[in-house]
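For reference, the structure discussed in these notes is given below.
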Amino acid sequence: MNLSSVVHLGSRDHERWSIQREVLAVTEIEVSQREVLKMDLSGRNVVTWCPAYWHELPESCRRGSRAICFFQHTEQWLLRDPTVVAGVCMNSTMQQELRAICQDKPVYLTKIGGVETARDHARREHPSEKIRLLVTGSASAALSAEEIRAYPDGASSLRKGPELLLPIADRLDPAHYAFVFIGPDWQPYATALRERGWTVIDPGLVADPLQYRYFGEGDIYLMLSRLEGGPLPLLETMGLGMWPICTPTGMAPDLIRHGQNGFIVSPFDGCNGDQIADEVAGLIRTLDRRTLLAARGPVRTSVADRTWPNFKREMEQIMREVFG
C-alpha cells in the first residue's frame with residue numbers, strides 16, 4: 001500500500017510529539033480539529049497519535065475511516081470505537097490492558113526509539129564531583145480523575161512522584177550526591193534541597209535539543225512515577241549508559257533487568273512514600289563511581305536496538321498489515 005496516503009492526526013503533547021516527529025521525519029504534523037473537519041476522511045486510513053482527539057471528532061467526520069490508535073497510559077476504552085481497527089502501545093502492561101478490553105482487535109507492542117537522541121548533545125560541565133541524581137519531566141503532571149481512582153483514598157494526584165524527592169534526600173549524604181532537574185515546576189524542590197545544603201543543577205524548562213545537553217550531568221536516572229507510558233527519557237538516559245532506578249510502570253519492567261542494567265523498586269501508590277524512599281536511597285548507596293562507570297557499556301548495550309529508524313520501520317510494517 002502507499003503509506004503516504006495515510007492521514008496522521010497529531011498532538012502537541014511533548015512525548016507524543018517526539019514519537020510522531022521521528023516516525024514521519026517532518027517538523028510539523030499536528031492537524032487542528034478545524035482542518036480535520038474540512039478534510040474528507042470517509043474511507044481514509046488514519047493513524048491517530050492521540051485517541052481522545054480522534055474520538056472527539058464528529059461521527060460524520062470519522063464514518064467509513066479505519067484508524068490505528070497509539071496509546072500511552074490512558075484512554076484504553078477508546079479501542080472499542082468501531083472506527084478503530086488496531087491499537088499500538090509501547091509497554092507490555094498497556095498491551096495486556098488493551099487486549100483485555102477488546103479481544104477481537106490486534107494490539108501491537110512496539111519498541112519505541114530514543115537511545116540515540118541525547119548522544120550528540122549531552123555534556124558534563126558542572127564542576128561538582130558528586131554522584132548526580134537526574135530527574136526529568138514536569139513536577140506538576142497530574143493523574144486524571146479516572147486514573148486517581150486506582151489509588152488509595154487521600155493519595156496525592158501528582159503523577160511523577162515529586163513528593164518522594166525530599167524524603168530520599170533526607171536519607172542520603174549531600175556531601176556525596178547532587179540533584180539534576182530537567183523540566184518545569186521543580187523549582188520548589190530545588191530550593192528546599194539547597195536549603196538543606198544540597199548541590200542542585202536546575203536549568204528548568206529548556207527547549208529541544210538543549211535539554212539533552214543537561215542529560216550529561218546525570219549519573220543515576222530516577223523515574224519514580226505512579227503511571228507512565230514510556231517515558232522517553234528512560235531510553236534517552238539509558239542510551240547514554242546512565243543507571244536507572246525506576247518504579248515498575250511504563251516501559252521500565254520491559255527494559256530493566258534488576259541489578260543488571262538498572263533497579264526496579266516497589267510501586268508507588270501515593271501513600272507509601274517512606275517505603276519507596278527507603279528502597280531508593282538504599283539502592284543509591286550501593287552505586288559508587290567505579291560501579292556506575294563500569295555499568296555504562298552494559299546499560300547502553302541492553303537497549304541498543306531501541307532506535308528511531310527501527311521504530312519507524314516497525315510502524316510502517318504495522319500500517320501495511322492493518323491497512324494493506
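Quick note: residue numbers are just sequence positions, from 1.
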Just checking, Arg226 and Tyr151: is the charged tip under 6.0 Å from the six-membered ring centre and within 45° of the axis?
yes

Is it the case that Glu163 and Ser156 place a side-chain donor and acceptor less than 3.5 Å from each other?
yes

Around Asp173, counting heavy atoms of other residues, nucleotides and ligands shown, do more than 12 lie under 6.0 Å from its CG?
yes

Is the number of heavy atoms from other residues, nucleotides or ligands under 6.0 Å of Arg119 CZ greater than 12?
yes

Tightest non-hydrogen contact, residues Thr247 and Leu224, listed as OG1-C, 3.5 Å

Residues in side-chain hydrogen bond (donor to acceptor under 3.5 Å, both in side chains) contact with Tyr189, at least two apart in sequence or another chain:
none

Decide yes or no on side-chain hydrogen bond (donor to acceptor under 3.5 Å, both in side chains) for Lys130 and Thr199, but give the supporting numbers first.
CA-CA 9 Å; Lys130 299 175 182 179; Thr199 299; 2.8 Å; yes

For the pair Glu125 and Arg213, find out whether any cationic side-chain nitrogen is under 4.0 Å from an anionic carboxylate oxygen.
yes

Hey, are Ser266 and Glu279 close enough side-chain-wise for a donor-acceptor pair under 3.5 Å?
yes

Presence of salt bridge, Lys160 and Glu228, under 4.0 angstrom:
yes

Output yes when a side-chain donor or acceptor of Gln96 lies under 3.5 Å from a complementary backbone atom of Thr93, and no otherwise.
no

Distance-only criterion, 3.5 Å: show the donor-acceptor pairs between side-chain atoms of residues 98-107 and protein atoms not counting sequence neighbours.
{"from": "Lys105", "atom 1": "NZ", "to": "Leu79", "atom 2": "O", "distance (Å)": "2.7"}
{"from": "Lys105", "atom 1": "NZ", "to": "Asp81", "atom 2": "O", "distance (Å)": "2.8"}
{"from": "Lys105", "atom 1": "NZ", "to": "Val84", "atom 2": "O", "distance (Å)": "2.6"}

Looking only at the side chains, is there a donor atom on one of Gln95 and Tyr108 sitting less than 3.5 Å from an acceptor on the other?
no

Just checking, any donor-acceptor pair under 3.5 angstrom between side chains of Ser65 and Trp54?
no

Between Tyr214 and Tyr212, does the ring centre distance come in under 6.0 Å?
no

Any idea how Phe311 and Trp308 line up, ring-wise: parallel (<30°), tilted (30 to 60°), or perpendicular (>60°)?
perpendicular

Looking only at the aromatic ring of each residue, does the gap between the centers of Tyr221 and Trp243 stay below 6.0 angstrom?
no

Can a salt bridge be assigned to the pair Glu217 and Arg124 using a cut-off of 4.0 Å between side-chain N and carboxylate O?
no

